[in-house]
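Taking it in order: structure first as structure tokens, then the write-up.
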Amino acid sequence: RYCSGVGEVPTLFFIMKTAKKLEKLMLSHGYRLARSKKHNIWVNNKGQMITTSKTTSDEARFLKNVECDIRKLSRV
């Protein structure tokens with residue numbers, strides 16, 4: 001069950017929206033999806049790897065945390 005009440009937006013909608021935003025963010029920084037099972041494994045052309053969860057419990061911080069990981073790896 002994706003909705004918990006009348007008038008609520010299904011949770012699946014937010015997961016898909018977040019997944020699309022994540023894909024756009026990763027592609028814009030040169031990462032490609034290497035593997036997708038329980039986690040998404042993103043790799044760039046330098047071989048640097050970022051692992052993200054497939055479903056997130058905190059959509060508000062999820063993308064900001066990934067951006068932080070990208071910045072940390074870009075300094076290396």
Just verifying a value: how many Å separate Ile70 CD1 and His29 NE2, rounded to the nearest 0.5 Å? 4.5 Å
Point-to-point distance, once rounded to the nearest 0.5 Å, from CD of Glu23 to CZ of Arg32: 13.5 Å
What do the steps show when you test Trp42 against Val66 for side-chain contact (heavy atoms from CB on, under 4.5 Å), and what is the final call? CA-CA 11 Å; Trp42 301 88; Val66 171; over 6 Å; no
Exercise: identify the closest heavy-atom pair between Val43 and Ala34: CG2-CB, 3.7 Å
State plainly whether one hydrophobic cluster holds both Tyr31 and Leu33, where clusters connect Ile, Leu, Val, Met, Phe, Trp and Tyr through side-chain heavy atoms under 4.5 angstrom apart. yes
Given side-chain contact (heavy atoms from CB on, under 4.5 Å), test Arg61 with Lys64 step by step and report yes or no. CA-CA 5 Å; Arg61 289 293 312 168; Lys64 290 182 181 184; 3.5 Å; yes
Okay, side chain of Lys54, backbone of Asn40: is any donor-acceptor separation there less than 3.5 Å? no
From CG (Leu63) to CG (Leu25), nearest 0.5 Å: 6.5 Å
Minimum side-chain heavy-atom gap Leu73-Lys46 below 4.5 Å: no
Let me confirm one number: the CD1-OG1 distance from Ile41 to Thr52, rounded to the nearest 0.5 Å. 7.5 Å
